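Written out below as structure tokens is the structure these notes cover.
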Amino acid sequence: MATGQRKDPLRNFRFRIEIDGIQQAGFSDATGFDSTIDVIEYREGTDPTHVRKLSGLTKYGNITLKWGQTDSLDLYNWHKEAIAGSIQRRNLSIIVVDEAGNDKARWDFVGAWPTKYDAPDFNAKGNEIAIESIEIVHEGMTRVS
């Protein structure tokens, strides 16, 4: 890297979310997207006195999205369809944006569908924003950029 050039870390508050066929803006949180590979411990009788570590199933964490309540029912209706037994699997992307508005990091998720919806809590004495949330399961995660 030349003198004077540096790569600053991306900010965690500038992001957008794309979900096939759903227009929703203003997410305040996107959490829980991770992947874990199960470890299988294995030992044969003639092996040394330690176990071998083999790779097992890959598991993906559920994604939780939170947003300030609006009159949009798109995400709620997606969950309502799942309750009715019609699972609509969609592709989903979470994109981190830099200060100039350029896409810098992207995670793509396949086979996503909502497993849980949380309506906002209300308090007549408060002055907070009403926050809705949805928990989404998926079948695969890829960091594209």
Side-chain angles (χ1 to χ4, degrees), residues 1-43 47 50-145:
M1 203 170 358
T3 304
Q5 291 181 341
R6 66 184 220 189
K7 290 194 174 202
D8 290 332
L10 297 169
R11 311 300 198 274
N12 71 345
F13 58 85
R14 292 193 54 121
F15 65 95
R16 75 174 197 280
I17 296 172
E18 298 174 354
I19 303 172
D20 289 344
I22 293 180
Q23 297 297 319
Q24 177 78 35
F27 290 97
S28 62
D29 291 90
T31 59
F33 47 107
D34 61 14
S35 65
T36 304
I37 302 170
D38 285 343
V39 176
I40 300 170
E41 294 186 350
Y42 174 76
R43 182 177 179 277
D47 283 350
H50 63 276
V51 296
R52 296 183 201 182
K53 307 269 183 174
L54 306 174
S55 61
L57 295 175
T58 301
K59 296 180 182 178
Y60 299 101
N62 296 349
I63 301 167
T64 300
L65 303 177
K66 294 182 181 181
W67 67 97
Q69 184 179 24
T70 65
D71 59 357
S72 173
L73 294 174
D74 290 344
L75 290 173
Y76 172 77
N77 287 337
W78 186 27
H79 182 256
K80 189 175 171 183
E81 290 171 356
I83 291 172
S86 176
I87 302 294
Q88 301 296 319
R89 295 177 188 272
R90 301 174 190 254
N91 294 327
L92 178 145
S93 296
I94 299 174
I95 302 109
V96 177
V97 180
D98 68 7
E99 290 78 18
N102 302 312
D103 293 356
K104 293 308 242 182
R106 179 185 187 102
W107 290 264
D108 289 338
F109 306 88
V110 295
W113 56 275
T115 183
K116 180 180 181 182
Y117 166 81
D118 268 335
D121 295 329
F122 298 106
N123 180 345
K125 295 184 247 175
N127 63 354
E128 293 85 20
I129 300 294
I131 300 291
E132 290 181 276
S133 70
I134 196 162
E135 190 172 323
I136 298 173
V137 299
H138 60 93
E139 296 178 351
M141 173 179 80
T142 304
R143 167 101 189 250
V144 179
S145 59

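Remember, predicted model here, so these are calculated numbers, not experimental data. When a residue number appears, it is its place in the shown sequence, counting from 1.
The backbone N or O of P9 lies less than 3.5 Å from a partner atom in the side chain of R11, making a donor-acceptor pair. D29 contributes no side-chain N or O that, together with a main-chain N or O of K66, makes up a donor-acceptor pair within less than 3.5 Å. In this structure, N62 contributes its side chain and E135 its backbone to no donor-acceptor pair below 3.5 Å. With R6 contributing its side chain and D8 its backbone, the two residues share no donor-acceptor pair below 3.5 Å. The backbone N or O of V144 sits nowhere less than 3.5 Å from a side-chain atom of T142 that would complete a donor-acceptor pair. Checked by atom type and distance alone, the side chain of N77 never pairs as donor or acceptor with a backbone atom of K80 at under 3.5 Å.
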Mind listing the side-chain donor-acceptor pairs of residues 104-112 below 3.5 Å, one per line with the distance, residues two or more places apart or on another chain?
| unit_1 | atom_1 | unit_2 | atom_2 | d |
| --- | --- | --- | --- | --- |
| R106 | NE | D108 | OD1 | 2.9 |
| R106 | NH2 | E18 | OE1 | 3.1 |
| R106 | NH2 | S93 | OG | 3.1 |
| D108 | OD1 | S93 | OG | 2.6 |

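Residues D103 and R16 are paired through a salt bridge, judged by an N-O separation under 4.0 Å between the basic side chain and the carboxylate. Salt-bridge formation is detected for the pair E41/K53: a Lys NZ or Arg NE/NH1/NH2 atom is positioned less than 4.0 Å from an Asp or Glu carboxylate oxygen. Classification of D38 and K59 as a salt-bridged pair holds, one side-chain N sitting under 4.0 Å from a carboxylate O.
One distance of note links CD1 of I83 with CH2 of W78; it measures 13.0 Å at 0.5 Å rounding.
No side-chain heavy atom of Q69 sits less than 4.5 Å from a side-chain heavy atom of I131. Contact of the N102 side chain with the V97 side chain is not registered, since no non-hydrogen atoms from C-beta on lie closer than 4.5 Å. When side chains are defined from C-beta on, T31 does not count as touching F33, because their heavy atoms never get closer than 4.5 Å. The shortest distance between side-chain heavy atoms of L65 and I136 falls below 4.5 Å.
For W113, the side chain to side chain donor-acceptor pair (under 3.5 Å) test picks out no residue, with sequence neighbours left out.
In I129, the CD1 atom is not crowded: 12 or fewer heavy atoms of neighbouring residues, nucleotides or ligands sit closer than 6.0 Å. Within a 6.0 Å sphere centred on OH of Y117, other residues, nucleotides and ligands contribute more than 12 heavy atoms.
In terms of heavy atoms, S55 sits closest to I37 at CB-CG2, 4.0 Å.
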